[in-house]
Amino acid sequence: MKKIGIVGGVAWLSTVDYYKGICRRSEQWHLARNPQAVPSTPEMCIESLDLNKAVSFLGADDNEESWSQFDGYHRNALQRLKASGADFAVIASNTPHHRFAAIVRGIGIPVISILDAAARESAHVGAREVLILGTALTMRSPRFRESFAQHGIEASGPNDDTVRVLTADLIADLQLGKRESAADQLGRIARTSFTNQFKSQPIVCLACTELPLAFPEKKMLATFEHDGITYINSTAVHINAAFDFAVNE
C-alpha cells in the first residue's frame with residue numbers, strides 16, 4: 001500500500017475520523033482476502049495545522065495576493081508530508097479546496113480532491129441537484145459548484161443569509177464537540193433551502209468535515225438517509241478515495 005499523507009487539524013475532530021476510517025477500511029479489505037492473517041494498515045503521516053491560524057489567513061476572493069499566507073500554510077504542510085515519504089496526500093478539510101489548484105501547485109505528489117470525490121459520489125447516486133452545506137467560504141465557492149457541474153449536477157449553497165449563519169454556527173458547535181440536536185438542526189436548515197431555491201428536494205452534500213459528526217452512527221457512510229433527507233458525506237467519500245488510491249496499482 002502507498003504511504004498516505006494527511007493535512008489535518010482543520011478541525012482535529014474530523015482528522016481523527018480520517019485516521020480511524022482509513023484504518024478500518026484497510027482492516028476490512030485485508031480480512032476479506034485473508035481472514036486468518038493479521039490485517040495490514042497503510043503507513044500514514046499527519047501534519048496537523050492550527051485551525052485558528054488557518055482561519056486568520058483566509059483571504060478575499062477579489063484579491064489573489066490576500067491568499068498567499070493561507071495557500072502557503074497548507075502547501076508547506078504538503079511539502080513536509082512529501083519529505084516524510086508520503087506517496088500521495090489528502091487535505092482533511094473542505095474549505096482549503098476553494099484554493100486547491102494554488103495549494104497543490106508544484107507539490108510533486110498526487111493530492112486527492114474532496115470536491116471530485118463528493119461530486120462523483122453524487123453522480124453515482126443519481127443526484128441532479130445538490131445543496132452544499134459548509135463554511136461560509138465553501139457555500140459561496142464557485143470551485144465547488146464547478147466540480148459538481150462537471151458531472152451534470154446543479155449545486156449551490158443556501159441563498160438565505162440566515163441559513164448560512166445558522167450553518168456556520170452549527171459547524172462551530174460541532175468543532176467543540178457539541179452534538180446535541182445537531183442532526184435536527186441540519187434537517188431544518190436543509191428543508192428551508194429546499195423550499196426557497198430548488199425545483200425538487202435535492203441531495204444534501206455535507207461539504208464540511210465537521211458536519212457528519214452530527215450523525216455519530218452514520219458518520220462513516222458515504223451516503224445515508226436521515227429523516228427523509230439523503231446526505232452525501234464528504235468525509236467518508238474522501239476517506240474511501242484515499243484508501244482506494246493507496247491500494248490501486
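Since this is a predicted model, take the numbers as computed values, not measurements.
- For the residue pair Pro158 and Ser193, the shortest heavy atom distance occurs at CB-OG, 3.5 Å.
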| said: Evaluate Val130 against Glu154 for side-chain contact (heavy atoms from CB on, under 4.5 Å), listing each step before the verdict. | reply: CA-CA 6 Å; Val130 168; Glu154 183 178 346; over 6 Å; no

| said: With ring pair (Phe, Tyr, Trp, His ring centres under 6.0 Å) as the criterion, how do Phe215 and His226 come out once you've worked through the C-alpha distance, each side chain's angles and the decisive distance to 0.1 Å? | reply: CA-CA 9 Å; Phe215 306 93; His226 181 84; 5.1 Å; yes

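- Sequence neighbours left out, the pairs with a member in residues 114-131 that pass side-chain hydrogen bond (donor to acceptor under 3.5 Å, both in side chains) are Glu121-Thr223, Glu129-Ser200.
- At distances below 3.5 Å, not a single donor-acceptor pair connects side-chain atoms of Ser147 with backbone N or O atoms of Ala119.
- Remark: side-chain polar atoms of Asn233 are paired, donor with acceptor, to backbone N or O of Lys219 under 3.5 angstrom.
- When all heavy atoms are compared, the tightest approach of Gly134 to Thr167 is O-CG2, 3.5 Å.
- Between His30 and Ser40 the shortest heavy-atom distance is ND1-O, 3.4 Å.
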| task | Just do the side-chain hydrogen bond (donor to acceptor under 3.5 Å, both in side chains) check on Thr95 and Thr135 with the steps written out, would you? | result | CA-CA 7 Å; Thr95 299; Thr135 63; 2.8 Å; yes

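- Counting only distance, with no hydrogens or angles, the side chain of Ser84 and the backbone of Leu81 share a donor-acceptor pair below 3.5 Å.
- Counting all heavy atoms, side chain and backbone alike, Ala37 lies closest to Leu31 at O-CD2, 3.8 Å.
- Proximity of a side-chain donor or acceptor of Thr192 to a complementary backbone N or O of Arg188 within less than 3.5 Å is detected.
- Side chain of Arg105 to backbone of Phe100: no donor-acceptor contact under 3.5 angstrom is found.
- Using modelled atom types, one finds no donor on one side chain facing an acceptor on the other under 3.5 Å when comparing Asn94 with Thr138.
- Considering every non-hydrogen atom in both Tyr231 and Leu206, the closest pair reads CD2-CD2, 3.7 Å.
- Although no hydrogens or angles enter the test, the distance criterion places no donor-acceptor pair under 3.5 Å between the side chain of Lys82 and the main chain of Asp87.
- When all heavy atoms of Asn52 and Asp50 are compared, the closest pair comes out as N-OD1, 3.0 Å.
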| request: Tell me, with the steps shown, if Arg164 and Arg140 meet side-chain contact (heavy atoms from CB on, under 4.5 Å). | output: CA-CA 10 Å; Arg164 289 173 182 256; Arg140 71 169 186 267; 3.8 Å; yes

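- At distances below 3.5 Å, not a single donor-acceptor pair connects side-chain atoms of Tyr18 with backbone N or O atoms of Ala236.
- Although no hydrogens or angles enter the test, the distance criterion places no donor-acceptor pair under 3.5 Å between the side chain of Trp67 and the main chain of Arg99.
- Between Asp227 and Arg191 a salt bridge is recorded (basic side-chain N to carboxylate O distance below 4.0 Å).
- Under a 3.5 Å cut-off, the side chain of Thr15 and the backbone N or O of Ala11 do form a donor-acceptor pair.
- For the pair Arg33 and Trp29, the cation-pi test (distance below 6.0 Å, angle within 45°) is passed.
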| request: Carefully, step by step, assess Ile103 and Ile91 under the rule side-chain contact (heavy atoms from CB on, under 4.5 Å). | output: CA-CA 10 Å; Ile103 289 171; Ile91 302 173; 4.1 Å; yes

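- The only member of Asp173, Ile171, Leu174, Thr235 that meets side-chain contact (heavy atoms from CB on, under 4.5 Å) when paired with Leu213 is Leu174.
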| said: Working note: Asp61 + His98, criterion side-chain hydrogen bond (donor to acceptor under 3.5 Å, both in side chains); need CA distance, chi angles, decisive distance, verdict. | reply: CA-CA 10 Å; Asp61 287 338; His98 176 66; 3.0 Å; yes

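- Panel note: side chain Asn76, backbone Gly72; a donor-acceptor pair is recorded below 3.5 Å.
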